[in-house]
Amino acid sequence: MLKTISGFDRIGEENAFAVLARATELAGQGRDIINLGIGQPDFRTPDHIVEAAVKALRDGHHGYTPATGIAPLREAVSADLLKRHDVETDPGNVLIVPGGKVTMFMAILMFGEPGTEILYPDPGFPIYRSMIEFTGARPVPVPIREENDFAFSASETLSLINDKTRLLILNSPANPTGGVTPRSEIEALVHGLDSHPDVAVMSDEIYSQMTYDGMEHVSLLQFESLRDRLILLDGWSKTYAMTGWRMGFALWPECLIDKARKLAVNAWSCVNAPAQFAGLAALTGPQTEVGQMVSEFDSRRKTIVEGLNALPGISCRTPLGAFYAFPNIKDTGWQAKALASALLEETGVATIGGPDFGILGEGYIRLSYANSTKNIKKALERINNFLMD
């Protein structure tokens, strides 16, 4: 019998893909399925981005690129960060990667090993904990609480740091909660981190351009005291409806960029060339469709929150970012994963149970409003009928 390393016995997965597979299977059987589970914009990638990739193929960009990405794209990333965050960055510290998960994988591999601890948000993106456990490091959940509007608490986060802590993972705007941490908490956290200079920080800002109600996205990049230990994660998937293109970028501190480059060389060589030209067109081309998508998400956000709060046994805080609602379902009497499963199997509405996002996710389910208003209303009606039976 083949014996793999023990790390593979600890590795988890992202259950949203399992729900997507089951929803697809049911749809293939003729069921009418409304998918509010997967976190993926329901818009097409803007045409000018698609055409840039087609042109790149026709122009003969069929070969390897540098492992860090083509120079014009890395320069465009730096220019975009300057425009959005008013911070100058070195394009040489930018790494183009095949999706956001890769940056998580690399950062956790760099700092996780038995005897160390890594802090991560809970509820949070499930790959954080999965990869931490794979490395043998101890995962330490940073509670993300409903009473804080699903923002992290600076004082609570800082209280969890000790001499074993190697890496702190942050995510705002957040998946699965839609929480956005305000500037005051972020400033307090950064100030407190001055006392922990050996702790690296990975800031997952993949939803950085999706905030609502005038809420400000505060990038950790804006704080000079962190720049020599900050790993910034961002990309194209959510902002430009490019999930299937597998395109992300990371900004690494000077002391880590060559380690990241070596991991890239060992793992994937480079991101495919035409996708990089598409990413270049996304950053340097018109941004009109980005604003239109966010405006539509905002409208859907209001619809889904109003509808959820009208359901028996359910209450929902208004998310301030991303495209997720994370309603409290405790008064329904259901366990979260059981309810999510029943909604899919019996009503054809795909959602994700809160425990799939962490040990503190019980009592909640996640609904993505990256679906049409018509489908959201239909899904809410089905959920209401189910809970009223």
Side-chain angles (χ1 to χ4, degrees), residues 49 65-97 100 102-104 106-107 110 167-173 180-194 197 199-211 215-240 242 247-264 270-271 276-287 290-291 294 321:
I49 299 174
T65 76
T68 53
I70 60 174
L73 182 54
R74 288 183 282 118
E75 291 165 0
V77 167
S78 284
D80 181 62
L81 292 174
L82 176 61
K83 178 179 69 176
R84 292 193 289 123
H85 304 313
D86 196 27
V87 177
E88 291 191 3
T89 57
D90 183 352
N93 291 344
V94 172
L95 182 66
I96 307 302
V97 289
V102 175
T103 300
M104 304 170 197
M106 298 170 81
M110 283 186 193
L167 177 66
L168 166 63
I169 299 173
L170 302 170
N171 177 215
S172 176
V180 178
T181 300
R183 178 175 288 275
S184 58
E185 284 297 310
I186 292 177
E187 289 178 343
L189 177 71
V190 172
H191 177 73
L193 286 172
D194 288 343
V199 175
V201 178
M202 189 194 81
S203 183
D204 181 349
E205 301 183 17
I206 196 69
Y207 297 98
S208 60
Q209 298 195 57
M210 294 181 180
T211 60
M215 192 67 183
E216 174 192 22
H217 167 64
V218 182
S219 174
L220 271 289
L221 184 62
Q222 296 173 8
F223 297 91
E224 188 172 358
S225 64
L226 289 183
R227 288 183 201 156
D228 63 350
R229 50 175 162 150
L230 175 67
I231 303 160
L232 178 73
L233 183 164
D234 207 330
W236 289 263
S237 292
K238 315 299 183 180
T239 305
Y240 297 98
M242 293 177 69
M247 281 277 291
F249 69 80
L251 181 71
W252 293 80
E254 186 68 33
C255 62
L256 296 179
I257 183 61
D258 198 54
K259 291 180 172 62
R261 180 193 61 79
K262 288 178 181 177
L263 277 173
C270 62
V271 173
Q276 293 190 57
F277 283 91
L280 179 60
L283 293 181
T284 59
Q287 303 298 302
V290 174
V294 174

Hits for side-chain hydrogen bond (donor to acceptor under 3.5 Å, both in side chains) against H85, two or more places apart or cross-chain, chain-then-number order -> none
Applying salt bridge (charged side-chain N to carboxylate O under 4.0 Å, His left out), can you list everything that pairs with D234, at least two apart in sequence or on another chain? R84
For T211, give me all partners under side-chain hydrogen bond (donor to acceptor under 3.5 Å, both in side chains), at least two apart in sequence or on another chain. none
Hey, is the main chain of P182 close enough, under 3.5 Å, to the side chain of E187 for a donor-acceptor pair? no
Please confirm whether the backbone N or O of D204 pairs with a side-chain atom of N171, one donor and one acceptor, at under 3.5 Å? yes
Contacts of F277 meeting side-chain contact (heavy atoms from CB on, under 4.5 Å) (sequence neighbours excluded), chain-then-number -> A56, H61, I70
Check whether D80 reaches the backbone of L82 with its side chain - one donor and one acceptor, N or O, closer than 3.5 Å. no
Sequence-distant partners of E216, salt bridge (charged side-chain N to carboxylate O under 4.0 Å, His left out), two or more places apart: R183
Among all residues two or more places apart in sequence or in another chain, which pass the side-chain contact (heavy atoms from CB on, under 4.5 Å) test with T284? A76, L280
Excluding sequence neighbours, so at least two apart, what forms salt bridge (charged side-chain N to carboxylate O under 4.0 Å, His left out) with D90? none
Would you please name every residue forming a salt bridge (charged side-chain N to carboxylate O under 4.0 Å, His left out) with K259, sequence neighbours left out? none
So, the side chain of R229 versus the backbone of P253: is there a donor-acceptor pair under 3.5 Å, distance only? no
May I ask you to decide if G248's main-chain N or O and W236's side chain share a donor-acceptor pair within less than 3.5 Å? no
side-chain hydrogen bond (donor to acceptor under 3.5 Å, both in side chains) against E205, all qualifying residues, sequence neighbours excluded: S203, H217, S219
S237: which residues meet the side-chain contact (heavy atoms from CB on, under 4.5 Å) condition with it, sequence neighbours left out? T243, R246
Not counting sequence neighbours, which residues clear side-chain contact (heavy atoms from CB on, under 4.5 Å) with D258? List them please. R261, K262
With T239 via side-chain hydrogen bond (donor to acceptor under 3.5 Å, both in side chains) - residues at least two apart: none
Counting only N and O atoms by type, is there a donor-acceptor contact under 3.5 Å from the side chain of R227 to the main-chain atoms of L221? yes
